[in-house]
Each structure stands twice: as structure tokens, then as C-alpha cells.
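Okay, so here's the structure we're looking at.
A, B, ... follow the sequence lines: proteins, then strands. Residue 1 opens every chain.
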2 protein chains.
Amino acid sequence: MKKVTIKDIAREAGVSPSTVSRVINKSAPVRKELEEKVLEVIRKMGYTPNLVARSLRKGYTDTVGFIVPDITNPFFSLIIKGAEDFFKKKKISLVVCSSNHDVKEEEKLIEMLVSKKMDGLLLVGAGSSNRVLNSILNKVKVVFVDRVYEGYDAPYVVSDNYNGMKKLVWYLVKTGHRSFAFLNGEEGTYSATERLRGFVDALKEAGIKDYVVFFGQFTYESGFSLVKKLGKIPDAVVCGNDLMAYGAIDALEEMGYEVPKNVSVTGFDDLPFSKHYKPSLTTVRQPFHAMGYESAKILHWMISGKNKKNKKIVLETELIIRESTKGGSEYETSGNS
Amino acid sequence: MKKVTIKDIAREAGVSPSTVSRVINKSAPVRKELEEKVLEVIRKMGYTPNLVARSLRKGYTDTVGFIVPDITNPFFSLIIKGAEDFFKKKKISLVVCSSNHDVKEEEKLIEMLVSKKMDGLLLVGAGSSNRVLNSILNKVKVVFVDRVYEGYDAPYVVSDNYNGMKKLVWYLVKTGHRSFAFLNGEEGTYSATERLRGFVDALKEAGIKDYVVFFGQFTYESGFSLVKKLGKIPDAVVCGNDLMAYGAIDALEEMGYEVPKNVSVTGFDDLPFSKHYKPSLTTVRQPFHAMGYESAKILHWMISGKNKKNKKIVLETELIIRESTKGGSEYETSGNS
DNA sequence: TTGTAAGCGTTATCAG
DNA sequence: CTGATAACGCTTACAA
């Protein structure tokens, strides 16, 4: 099928290309009669505007890029969904890319997306820094998601990892736990760092010194193997995220412990699945969808020229108490208004 | 920062734009000396080619669209990952869109993607048909994923739902199950239909008539509530997919049954999580990643002009035996060569 | 209200 | 090997 352009429509309708353009975009008044004629020809010939040409002319693409470490991880795909839900309303499409937790790949992706003239970029960084970031930060609008990059003056949207973890630990202390192990994710990651801060600060405030900290990855397997390395089993095993908690629980049970009877285990994230885990997981809920949605909103502001340049958003986290921890229901979660 | 174009480079390097283009694309020989000069200026001025302009000129975008019902569903995100892994090697990017299981939305998305001049489309359809499909099938290359559309002569990649289900039911029969309930997903869906066919045929071959079939959705909640509607609990509850099986197991346990002691439950998909469910799930593994990867490969063939027009691929499924079904280990899976 | 023509940034063609 | 020039399809001054 030969492709039909605005010129073909113009010729067929006996008008000029500009008139056709005006009809399509309602960018200027056109005589009713002509308008109808044009519309009819468009329909008849099955014309659809070439948005590539339009983009070249107008200077924007109505497309933004979203780079995440792994699209397969529900944590990220839920965030993406949030962004998508916002952008869909603005008729903006999303180019989604996985960096596979690799900063090198991330750099390549960023360059490609900039070259493809994305109107903006949403970035869940793979590392804590990035060579190309500096050079592109003034070529394209960027919003950091779930990460704070020291030294870059760009807006970000994160959730309150620090206070989420604090709430969780306080709860554990309050329900009688006195010794702790923290099975954390990748050392150096923003999330791991913040959660550790919360963990340590909460215990310090509680005057508890009986704890150990290990780093691993944010995966089931890592949670599983880290548990096996634990010398003595503490009252509570606090995990870097839900996946690790699943692994930790399974390892503990394999070792003959019952959760939560002999040991409490907690997660972080509250993946949709965690309420169905056995035992269902006590964890800290991150507002995935909102994280994506808010980042998208900010990026959109920036794109539209509303200069929310240094918007920094920290979204609330919520303590979710379920059955993987021992202890009364006397503690009220703070976020359930 | 003012954007720098190929002309700026040309001027600065004292050559013509064509020469710069030739250097960038290695599309024709250029004197070493000039080439170096150009490369240097490019570096110095921080030039990156405008791929929108290039696309307009060349007639393709190195971008393909992928529409799925819900990016949040691990089943789909794993497929997307497969496609992404293939396309990354070809430097093709993916515009990922969720139709939210809504055919209307899907139609809009398709039109938009065609307008944006995607080189091709990967489509996990939301329904069994679609108004715009006919009109765009000769405007853009399309590969259907996980669905066979009757009446459209386009290539597809699916997994062998029918035989997968047959293998599963045979196994159940072989291990002594004599009465069945099939808790299926959305009626009319390709997957639901094929799995039902497999289920019915296998039982027919086994001479078993004691079974019931229900339709619902492919969700945890649906599995849960469908179980509650079951009159008598059969030997085996066969579920439309893994999520439904999770729900079914939980409902059954809530009703006081033990799985698999009192009743066996099976899934379909083998989500990464199913081996960690309690009990771990007996299910049929679909080759998610391969489904995405193969679809991408075919689409790429079509785009590159290699006319694999009517390529139809049915990928093998594999029976995965775990702990949610009662029965010996005497049965050998067929796919473990 | 409508048409003409320039231009968005590339690349392909054609001379030289 | 290199440079003009046209063209990709659209939008937008500017002119009428």
C-alpha cells in the first residue's frame, strides 16, 4: 500500500497542504465546506499523519524514555504502570528500557534516548552515578525515580525508606524483639543505605545493641543464603525487601525454625504477592504506582515549561503488619487514616 | 544549551554536511585526515545525531511497539523482556503499552503506534478481534504473541497450551486422580480455549467423565472465589493459570482441606514464584522469554524484508511436577532431555 | 480564510 | 573522495 501524505489529501480535496494541516490540527479556522471535504478525503484515502515528520518540525516527540534496572521485577513494573497511567492521559508514549543493573548499559540507553529526541527521561538508576548524566542533564529533562543522586541538581521522587524502616523496627521492638539481623540488599544502593540508616537509628533510640548487618542482593536467593550464614538466629530477621524475606523464611523453615513462632521475619516493598505468602509478610509498603505517577507528572511539568526544576518528592511509606512477625495487634499503623 | 546539528559540525570542520554524514555513518570513504578532523569537532561540540530527522529521511525508526494487556503481570513482563533482549542486539527500541485488557484502548494504541511510524508491532491482543487490525495489517508488520487470531493472515508465536494441558491431565490421571474441576480464565480467550480443549480431550481419552468446568478471570481472586462455588471437592482442581491456583489453594485451605493431601491443585504458566509457593506448584511451564524473543526475531525478519510472512510458531510447554499434587514420582516429564 | 514557501536535520543522488 | 542539492512530510510565517 502506497503511503498517503498530506499532499495527496490536498490534491485530492483541491486545497493546499496548509489547509489540510489546519483541519487536522484545528490550528486555524477553515471554511466548513472545505473542512468537510478534507475530512472526507482523509477518511476515504485512509490517511494518518506522519508523526515523525511532525516531530522534526515541531521539535518534540510526545515520547519519553523510562529506564529501569529490570522490567521483570514487579517493583519496577508497578512503577512503570504508574507513569504510563499518567502519560496515557497526555497522549505521551513511553519507551521502556532495562539496564539490567548495568551502569554501562544505562549510559548507552540514555544516549540513544537523547538521540531519539525523547521529550524527557525517567530514570531508576543502576548505580549511584553515571558518566553521561552530567552531559545530558542540560539536553533533556530528567526525573530520578526511587534514587537520589548526590551532586545532580535534578528532581526526584522516592519513597520514605528511612522512616518506613524506622516504623518497622519500632514495631518489632514494641512487640518484644530484642535481637536483630538485617539482611540488606546491594551495598551502596540508595535504598539499601536509607533502610540501613533507619534500622540503625531506630535500634539506637531503643537502646538495643544486639544486631548484625549483612549485605547481599535484593533477591530471593540472596535472602535464602544470607540466613544460612547467620550464626545464631535472632528474634527478628529484617530483610532488605520482600523477595529477600521470602528466601529468608524458606531458609529458616528448612533449618527447622518456625516463622513467626521461633523467629520473626520482615520485608520491605509490600509486593502484591506478599499478602499471600505463607506466612503473609509483615513489611513496609512503598507506593509504587504513585512513585511512577508522580515522577511522570513532574516530568510533564518540566516538559511543558513549568519550571519545577528542583522538585524533590518523598512519598510516605506504610507499615503493614501481617503474620510473619510475632506480637500483639496493639500497635497501630500510622498510615491507615 | 543550543543544539548542534550536522551543519554546525560541517562549518566548524571546514567540510560539507555530506562529508560529516559519511563519517558518522561510514557510508562512503572519507580521507583519513578529514575524518579525524570531523570526529574531533563532533567530540568537542558534543554533537549527537538527530534520529528523528534521520528517520524521516530513511523511512524507518528502529523502534517497534509492543502492546500487552497489562505490563504489571509477570507473565507479560517476562515476554517483554524476551523481546527486549533480542531487539537490544539490533539497536531497536521498544515502545511498551498496556491496553488494560480493553480492545478499545488497544485500537487507539495501534493507531498511535502506526502514526509514530513504528517499524513493526508485537501484539498480545486484549480480545479475539479488533476493528483497526484489518486496516493496518498492510501498513505495518505485525506479529501476534500468545494469541492466534482467526482470519488474520499474520505470523504468530504461541506456546503449546493444548498439549501442555494434556500432559498435565494425563499425569494427574496416571497418579490416581479420578474426579476433576477446571477453574478456567476468561471464556473466549485463546489460552482458555486451548487449555480447555486439552483438558477435555485428555479426560475423554482416559475415559473419565467426572468433571466440571467454570470460567472466571486469570487472577488470584477469581481462583479463590471459584473454589468456594464448587459443590463437592474433586480429586484435582485444575486451574487456568498459576495465579488462579494460588487463590484456589488458599481458599481450599481456608475451607479446611489440605493440599495435596485432600485435594491436588495445578496451575499453568510456571511463574518464577510458583516454585516458592506453599505448597510449590505443579504446573505447565510456558517459555515466556522465548515467546518474546522469537516474536521479536520474526518481526525483525519481516522488517528486514526477509519475507517470513506466514511464520507460525508453537513453542513447547513443559510439565513441572512439584508438591501441590499428590502422586508418585514414577511419572517422567517429557521435556527434560 | 487560504495558499506559497521556507525550514526542521538528515541522507541520497549526482556531478565534479 | 567531496560538495551541492533535493527530498523525507509536516507546520508556520507571511502574503494575498
Exercise for the section: Starting from P on C:dT10, measure out to CG on B:Asp62 and report it in whole angstrom. Expected result: 16 Å
Exercise for the section: Return the value, rounded to whole Å, for the distance between atom CE of B:Met45 and atom P of C:dG9. Expected result: 13 Å
Problem - Residue pairs passing the side chain to side chain donor-acceptor pair (under 3.5 Å) test where at least one lies in residues 69-78 of chain A, sequence neighbours excluded - result: none
Exercise for the section: Pick base, sugar-phosphate or nothing for B:Val15, based on heavy-atom distances below 4.0 Å to the nucleic acid. Expected result: sugar-phosphate
Exercise for the section: Counting heavy atoms from C-beta on, name the nucleotide in C:dT2, C:dG9, D:dC10 closest to the side chain of B:Ala53. Expected result: C:dG9
Handout entry: Any side-chain donor near an acceptor of the partner, A:Ser191 and A:Thr189, under 3.5 Å
Key = no
Problem - Gap between atoms NZ and C1', on A:Lys139 and C:dG9 respectively (whole Å) - result: 14 Å
Handout entry: Whole angstrom value for the distance that separates P of D:dT12 from CD1 of A:Ile24
Key = 12 Å
Handout entry: Any B:Asn50 side-chain N or O less than 4.0 Å from OP1/OP2 of C:dC8
Key = no
Exercise for the section: Could you verify whether a donor N or O on one side chain and an acceptor N or O on the other, from A:Lys104 and A:Asn130, lie under 3.5 Å apart? Expected result: no
Practice task
Go through D:dT2, C:dT11, D:dG9 for me and flag the one nearest to the B:Thr19 side chain.
Solution key: D:dT2
Practice task
Report the distance from atom NZ of B:Lys3 to atom P of C:dT10, rounded to the nearest whole Å.
Solution key: 11 Å
Fill in the blank from the handout: note: B:Lys7, atom NZ; C:dT11, atom C1'; distance rounded to Å ~ 13 Å
Practice task
Taking only Lys NZ, Arg NE, NH1 and NH2, and the carboxylate oxygens of Asp or Glu, determine whether B:Arg22 and B:Glu35 approach each other closer than 4.0 Å.
Solution key: no
Handout entry: Polar side chain donor-acceptor pair, A:Ser55 to A:Lys117, under 3.5 angstrom
Key = no
Practice task
Tell me which of B:Arg22 and B:Leu56 sits closer to the 5' end of DNA chain C, going by the nucleotide each one is nearest to.
Solution key: B:Leu56
Completion exercise
Whole-Å distance, B:Asp8 CG to C:dC8 P, equals 11 Å
Problem - OP1 or OP2 of C:dT11 under 4.0 Å from side-chain N/O of B:Arg54 - result: yes
Practice task
Using only side-chain N and O atoms of B:Ser16, determine if any of them is under 4.0 Å from OP1 or OP2 of D:dG3.
Solution key: yes
Problem - Distance in angstrom units between A:Glu33 CD and C:dT2 C1', rounded - result: 13 Å
Problem - Heavy-atom donor-acceptor pair, B:Ser18 side-chain to D:dA4 base, under 3.5 Å - result: yes
Problem - Upstream residue (5' side of DNA chain D) when B:Arg31 and B:Lys58 are each assigned their closest nucleotide - result: B:Arg31
Exercise for the section: Decide yes or no, distance alone: a donor-acceptor N/O pair under 3.5 angstrom between the base of C:dG9 and the side-chain of A:Arg57. Expected result: no
Exercise for the section: Taking only the side-chain nitrogens and oxygens of A:Tyr47, find out if one of them lies under 4.0 Å from OP1 or OP2 of D:dC10. Expected result: yes
Exercise for the section: Could you tell me whether A:Leu34 contacts a base, only the sugar-phosphate backbone, or nothing, with contacts defined as non-hydrogen atoms closer than 4.0 Å? Expected result: sugar-phosphate
